[in-house]
Amino acid sequence: MSICSSLARKFPKLTIIGEEDLPFEEVDQELIEDGQWEEILKQPCPSQYSTIKEEDLVVWVDPLDGTKEYTEGLLDNVTVLIGIAYEGRAIAGVINQPYYNYQSNEKQKLREHKNEAKAGPDATLGRTIWGVLGLGAFGFQLKEVPAGKHIITTTRSHSNKLVTDCVTAMNPDDVLRVGGAGNKIIQLIEGKASAYVFASPGCKKWDTCAPEVILHAVGGKLTDIHGNALRYNKEVKHMNSAGVLATLRNYDYYASRVPESVKNALVP
């Protein structure tokens, strides 16, 4: 309610598509965010976007990505995703991690409770990663998996035989099973995983729009399992029915290992 209502009030000509149904009733004023992030406004707008009209933009919103993990207390899996698309292409995005550092905060509280000396500065709870194609991505330290290591990140709660077959075909050194598409893309850009492989329908456009931008802004690549770019115009179906394949580097290595049986089972 807060994200969609705030955007709609400030930019009434936007098309906003969210995972949750948009509220029709008048929203409590306390939920309306009308501030701006000055740090972003100091940046130059990439010239290719300077003439874009508000009504030509589609905003894809997932207010809580990693819902199952959230209910189970795995709070570091949770992200808030806001992606902006123009002419069907994802061009700007925000990944907010509201619980980033929550474990550090819990440890800090325990130390204080035991009257132990504080080790270093207090960890700040939460962070926001954002990016615009042609400008870059900000709010994190870009890191790559060591050369020659193949670490796959994939679904924790939506696995099946297709997903498993595709992951196995990558001949991985390690497999991470975590929640949330936003969280998996963060693993790629922070050097924890080298490829995000999800050979199944289930992921939606609001799951991939914002994360795709962050990845593309630092030279990575996100496609469906066939290698097709995802489209984000307002008429598209919401389901990414041909799955997701994403890497920070060496995309072709992973794409070449997707089994034909998996491709045949997943129709774009």
Side-chain angles (χ1 to χ4, degrees), residues 62 64-70 72-81 83 93-107 120 123-131 136-159 163-164 166-200 202-203 207-223 225 243-255 257-258:
D62 188 346
L64 204 166
D65 182 40
T67 314
K68 189 168 190 296
E69 287 68 29
Y70 178 67
E72 295 172 11
L74 299 169
L75 301 183
D76 48 351
N77 287 215
V78 173
T79 60
V80 180
L81 305 174
V94 173
I95 304 177
N96 174 262
Q97 270 186 303
Y99 299 105
Y100 178 70
N101 269 336
Y102 85 103
Q103 285 161 319
S104 301
N105 275 285
E106 290 303 315
K107 286 173 188 165
T124 305
L125 183 65
R127 67 169 169 174
T128 299
I129 293 169
W130 65 279
F138 308 87
F140 65 98
Q141 278 297 119
L142 183 65
K143 194 176 172 194
E144 296 183 25
V145 168
K149 272 276 195 200
H150 302 292
I151 303 171
I152 305 297
T153 182
T154 192
T155 184
R156 176 180 169 270
S157 50
H158 304 287
S159 198
V163 171
T164 306
C166 197
V167 168
T168 303
M170 302 292 158
N171 197 19
D173 296 304
D174 197 7
V175 179
L176 310 176
R177 300 184 192 281
V178 300
N183 183 36
K184 293 182 189 73
I185 295 301
I186 291 172
Q187 289 188 316
L188 297 183
I189 61 176
E190 293 196 321
K192 294 186 177 76
S194 35
Y196 165 23
V197 179
F198 184 55
S200 178
C203 197
D207 294 313
T208 51
C209 187
E212 174 181 319
V213 175
I214 308 295
L215 188 61
H216 285 181
V218 293
K221 187 170 182 177
L222 184 149
T223 66
I225 220 77
V244 175
L245 175 64
T247 69
L248 178 60
R249 304 285 180 258
N250 303 319
Y251 172 87
D252 292 344
Y253 172 90
Y254 297 97
R257 280 162 175 72
V258 176

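Atom-to-atom distance recorded for D76:CG and Q97:CD is 8.0 Å, nearest 0.5 angstrom. The CD1 atom of I152 sits 10.5 Å away from atom CZ of R177, with the distance rounded to the nearest 0.5 Å. Rounding to the nearest 0.5 angstrom, the gap separating the NZ atom in K221 from the CG atom in L245 is 9.0 Å. Of the inter-residue distances, the one linking I95 atom CD1 with W130 atom CH2 reads 13.5 Å to the nearest 0.5 angstrom. Expressed to the nearest 0.5 Å, how far CG of N183 lies from OH of Y196 amounts to 10.0 Å. Atom OH in Y254 sits 10.0 Å away from atom CG in N171 (nearest 0.5 Å).
Ring geometry for H150 against Y253 counts as parallel: the plane angle stays under 30°, on a 0 to 90° scale with 60° as the upper cut.
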Notebook entry, point to check: Could you go step by step and tell me if C203 and T208 meet the side chain to side chain contact (heavy atoms under 4.5 Å, CB included) rule?
Noted result: CA-CA 8 Å; C203 197; T208 51; 3.7 Å; yes

Next item on the list: Assess whether side chain to side chain contact (heavy atoms under 4.5 Å, CB included) is satisfied between I185 and L222, documenting all intermediate values.
Entry: CA-CA 10 Å; I185 295 301; L222 184 149; 4.0 Å; yes

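In terms of modelled atom types and a separation under 3.5 Å, the side chain of N96 and the main chain of R127 share a donor-acceptor contact. Of the possible polar contacts, one joining the D65 side chain to the A181 backbone as a donor-acceptor pair under 3.5 Å is found. Using a distance-only test at 3.5 Å, with no hydrogens or angles considered, a donor-acceptor pair links the side chain of N101 to the main chain of T124.
Side-chain contact between K184 and V244 is absent, with no heavy-atom pair separated by less than 4.5 Å.
Residues forming a salt bridge (charged side-chain N to carboxylate O under 4.0 Å, His left out) with K149 (at least two apart in sequence, or on another chain): none. A search for salt bridge (charged side-chain N to carboxylate O under 4.0 Å, His left out) contacts involving R249 returns E144, not counting sequence neighbours.
A ring-centre distance under 6.0 Å is not found for H158 and F198.
T223 and Y251 form a side-chain donor-acceptor contact under 3.5 Å, judged by distance and modelled atom types alone.
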